[in-house]
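This report refers to the structure that appears directly beneath it.
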Amino acid sequence: MINQLNPSQKEAAIYLDGPCLVLAGAGSGKTRVITQKIAYLINQCGYEARSIVALTFTNKAAKEMVERVSQIVDKRLSKGLTVCTFHALGVRFLRQEAKHLGLKEHFSILDATDAGQIIQEMVGTTDKIRIRIIQQQISLWKNNLLEPDDIQPATPDEKEAQRIYRNYEATLKAYQSVDFDDLIRLPVLLMRHNEEVCDRWQKRIKYLLVDEYQDTNICQYEWVKLLTAWHRRFTAVGDDDQAIYAWRGATIENLAKLTQDYTDLKIIKLEQNYRSVDTVLNAANQVIANNPNLFKKTLWSTLGKGEPIQVISMENEEAEAETVGMRISAAHFNKKAQWKDFAVLYRGNHQARIIEKAFRQLRIPYTISGGQSFFDKAEIRDILAYLRLIANNQDDPAFIRAVTTPKRGVGQTTLQHLGEFAVSKQCALFEAIFHENVDTVIQERQLKPLRLFADFIQDIQKRAHQAVEIQNPTVLLDELMTYIRYEDFLYEHHDDRSAQNRWQNVLDLNEWLKRKAEEDDMRLIDLVQHIALITMLERNEQEQEQDAVTLSTLHASKGLEFPYVHMVGVEEGLLPHMGKEDEYGDPNKDNEELYIQRIQEERRLMYVGITRAQYELTLTWCKKRKRNREELNREPSRFIAEMGLEDKQQRLSDPFKGMSAKERLAQLKQMIQKP
DNA sequence: CCACAGGATCTTTTT
DNA sequence: GATCCTGTGG
């Protein structure tokens with residue numbers, strides 16, 4: 001098995017003497033190295049699977065890795081192997097060590113939306129931009145392992161944010177909740193000042209592998225360092241040219257820091273690309289050459305020269321979507337390629353909508369990867385609020401959502417009274433209902449629906465905590481659905497088509513929960529925490545192998561590859577993306593250093609996009625694009641110039657320009673007949 | 001005191 | 001197109 005690797009890959013896979021950094025260019029087979037290394041550890045070196053941990057950033061990457069490991073390692077031997085995201089390991093860690101942090105085992109995990117709402121109340125404003133800024137600031141502080149007390153506020157805004165941060169922390173504690181950042185931060189804090197816990201985890205993980213290392217933030221760096229401090233055996237795999245999560249606190253400096261912190265660090269470069277033809281690779285290399293880089297590397301491949309890259313200018317975004325669809329359609333028939341050989345990549349999620357519309361009209365099957373999460377849908381959040389409340393009745397946000405959806409005669413004012421009462425009694429909203437003096441603030445008439453609701457939740461709760469065999473999750477879920485009459489609720493509030501759609505989502509969620517509960521032998525309440533980390537509903541095996549064009553954001557496309565790639569909206573302002581000038585603070589003062597760094601990150605994003613293509617790459621940009629109501633004139637992205645496409649042949653204008661629907665169709669037919 | 005209907009306002013990227 | 005916010009009716 002190991003023999004199928006090239007010399008550098010092999011070296012990376014079998015190096016075990018100490019810390020190891022693998023600098024893996026795009027398409028250089030880094031997943032292969034990681035999976036082979038895991039196999040090597042288990043098959044050749046006698047490591048127990050349970051003592052190996054591999055960390056990724058996305059569930060998708062984790063899932064793929066699990067699959068690939070299972071192909072090369074015997075099932076019995078790979079049992080107990082941990083391959084998951086940083087955050088998922090964080091959940092596992094915190095559940096196990098909850099008591100050391102004054103946290104209950106079934107703490108809630110708040111997503112960004114929940115956190116935003118909490119902050120909104122504390123700031124006392126509806127200004128969404130301001131809330132976002134504060135939320136981001138707090139998140140950044142957390143990712144840099146800064147406690148409220150560590151912060152020396154330089155501006156009034158920062159002082160305000162610090163105040164909120166303190167307040168926010170206290171609120172989370174009261175809710176028995178943690179946010180996404182805490183899933184990494186709290187384990188670090190605990191390991192730092194609890195020797196017993198620290199020791200236990202250090203000895204439990206005998207080998208650690210980290211994927212996409214360039215996307216780690218300070219907190220994650222520290223966690224890796226702590227977890228491996230005892231044996232110092234780990235492999236980090238990354239590519240500084242593909243770092244695209246600085247906005248989330250990730251810092252490429254972590255790669256450099258590694259060389260400083262570990263003087264015996266073994267650095268291995270993977271430079272052979274197994275994915276792309278020369279034209280694609282050259283374009284990628286040319287673009288990224290405009291960025292400074294930490295480690296010099298030159299990608300090469302042996303897949304041949306390839307077709308020239310095409311750049312097409314479009315009149316507007318409708319034309320763009322339609323033309324891309326038609327080109328894909330034509331290529332699908334001409335090249336006898338499958339739909340799934342094509343991808344359309346874009347900067348922002350909102351761009352997907354118009355492409356979807358065009359694809360539906362053209363009858364092109366597609367799947368959207370990334371983008372709006374299944375778990376962000378209102379109906380899903382509703383159901384999850386119930387589950388969260390059942391798992392943790394101190395979760396006030398979940399309580400508020402559940403008790404008001406569907407409406408059961410509990411409104412704003414009642415909740416406000418209950419809230420004030422709960423604050424005075426220092427208890428959760430849910431607990432306040434059962435407080436003996438609650439009738440002093442809430443009239444009997446308002447109290448009745450509250451009590452009814454709380455009794456029901458308590459009943460389910462009691463049974464949900466029992467062992468799996470006694471109380472099947474299926475029974476509890478079905479009972480919950482029946483009690484809250486959610487299907488009726490949906491039909492009362494939406495037209496039939498929409499309601500049916502939403503109800504189907506709920507059924508899908510239920511199916512998923514039931515299946516998962518059975519697979520992993522878990523109780524319903526144990527599953528709730530895992531859901532918080534999942535962005536997309538994992539489809540069944542058959543469904544995910546369907547033949548369809550992939551629509552994806554550039555961010556979500558990392559790690560994927562496609563024979564034919566279209567990147568749309570390659571325009572100044574969109575890629576590189578520019579924030580609104582008048583957002584906050586003055587744009588002139590917006591310091592230059594920051595601007596340069598932002599452009600560099602956008603350039604890496606462009607690089608990621610280009611390197612997704614195996615054989616053919618097409619870039620499109622629009623001369624006009626609608627933004628809100630105004631139609632703006634646009635210019636091609638600077639990155640197009642940077643690719644150094646001198647050949648004028650590569651620059652085309654929309655082949656369907658100015659045509660009527662009928663003419664376009666005729667043109668398409670012609671394209672299909674004549675390659 | 002509660003619920004709903006219609007209007008304005010967005011849209012970077014994600015665990 | 002979807003979510004928030006506001007004003008009006010039950």
Side-chain angles (χ1 to χ4, degrees), chain A residues 55-62 84-91 109-113 115-117 120 126-129 131-132 136 139 142-143 178-185 212 215-217 219-220 243-250 345-354 356-357 369-373 375-378 381 404-417 442-443 445-446 449 492-494 498 530-536 552-558 569 573-580 583 598 601-602 604-606 608-609 625-630:
Chain A
L55 294 178
T56 64
F57 275 84
T58 64
N59 296 302
K60 202 164 61 182
C84 66
T85 63
F86 268 94
H87 293 83
L89 187 69
V91 173
I109 301 167
L110 303 185
D111 65 23
T113 317
Q117 264 156 17
Q120 175 167 356
T126 54
D127 185 347
K128 281 192 104 177
I129 297 163
I131 290 162
R132 261 247 310 272
Q136 268 170 9
S139 175
K142 284 191 170 190
N143 288 331
V178 303
D179 62 21
F180 281 141
D181 301 323
D182 287 341
L183 293 175
I184 323 286
R185 188 183 71 115
E212 306 282 12
D215 288 330
T216 52
N217 57 39
C219 197
Q220 286 159 332
I244 53 176
Y245 285 104
W247 52 274
R248 213 166 79 180
L345 307 180
Y346 38 81
R347 176 65 232 261
N349 277 311
H350 61 281
Q351 290 172 268
R353 185 145 304 152
I354 192 144
E356 273 187 271
K357 196 178 149 203
S369 123
Q372 200 228 11
S373 156
F375 292 92
D376 272 346
K377 295 177 194 292
R381 293 185 75 92
T404 54
T405 331
K407 299 281 178 270
R408 47 169 63 81
V410 179
Q412 204 66 63
T413 359
T414 308
L415 278 178
Q416 202 173 335
H417 290 155
I442 298 173
Q443 294 167 11
R445 220 187 80 194
Q446 262 76 48
E492 280 162 30
H493 289 260
H494 306 278
S498 161
H530 288 266
I531 299 167
L533 302 182
I534 294 168
T535 45
M536 272 161 295
S552 171
T553 61
L554 288 164
H555 282 89
S557 76
K558 190 155 72 159
L574 200 62
L575 182 64
H577 184 271
M578 312 276 194
K580 282 236 289 282
E583 216 168 52
R598 274 199 4 219
E601 174 142 324
E602 296 292 311
R604 291 191 293 267
L605 204 47
M606 180 77 188
V608 167
R625 184 178 293 272
K626 278 198 263 319
R627 172 142 181 168
N628 291 342
R629 265 193 269 299
E630 235 56 60

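Numbered from 1 within each chain, the chains take letters A, B, ... in sequence-line order.
- As rounded to whole Å, 11 Å separates atom P of C:dG1 from atom CD1 of A:Ile354.
- Taking atom CZ on A:Phe180 and atom C1' on B:dT13, their separation rounds to 15 Å, with Å as the unit.
- Per the geometry, CD belonging to A:Glu601 stands 12 Å off P belonging to B:dT14, to the nearest Å.
- Among the heavy atoms of the strands, none lies under 4.0 Å from A:Phe86.
- Within the 4.0 Å cut-off from OP1 or OP2 of B:dT15, not a single side-chain nitrogen or oxygen of A:Asn217 is found.
- Contacts of A:Asp181 classified as salt bridge (charged side-chain N to carboxylate O under 4.0 Å, His left out), with partners at least two apart in sequence or in another chain: none.
- The distance between atom NZ of A:Lys558 and atom P of B:dT15, rounded to the nearest whole Å, is 11 Å.
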Stepwise salt bridge (Lys or Arg N to Asp or Glu O under 4.0 Å) check, A:Glu601 with A:Arg598: CA-CA 5 Å; A:Glu601 174 142 324; A:Arg598 274 199 4 219; over 6 Å; no

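- In this structure, the side chain to side chain donor-acceptor pair (under 3.5 Å) partners of A:Arg185, at least two apart in sequence or on a different chain, are A:Glu147, A:Glu169, A:Asp182.
- Candidate nucleotides C:dG1, B:dT14, B:dT11 were compared by shortest atom distance to the side chain of A:Arg353, and C:dG1 ranks first.
- Between the side chain of A:Gln220 and the backbone N or O of A:Phe86, no donor-acceptor pair lies under 3.5 Å.
- A:His555 places its NE2 atom 15 Å from the C1' atom of B:dT11, with the value rounded to the nearest Å.
- Between the C1' atom of B:dT14 and the CG atom of A:Asn143 lies a distance of 12 Å, rounded to the nearest Å.
- Here A:Thr58 does not reach the OP1 or OP2 of B:dT14: none of its side-chain N or O atoms lies under 4.0 Å away.
- Here B:dT15 presents its P atom at 15 Å from CG of A:Leu55, a figure rounded to the nearest Å.
- A sub-4.0 Å separation between OP1 or OP2 of C:dC5 and a side-chain N or O of A:Gln120 is present.
- A:Phe57 has its CZ atom 15 Å from the C1' atom of B:dT13, to the nearest Å.
- Taking every side-chain heavy atom of A:His350 into account, B:dT11 is the closest of C:dC5, B:dT14, B:dT11.
- Across C:dC5, B:dT11, B:dT14, the shortest atom-to-atom separation from the side chain of A:Ala556 is found for B:dT14.
- For the pair A:Tyr346 (side chain) and A:Leu554 (backbone), a donor-acceptor distance under 3.5 Å is absent.
- Checking the phosphate oxygens (OP1, OP2) of B:dT13, a side-chain nitrogen or oxygen of A:Asn349 falls inside 4.0 Å.
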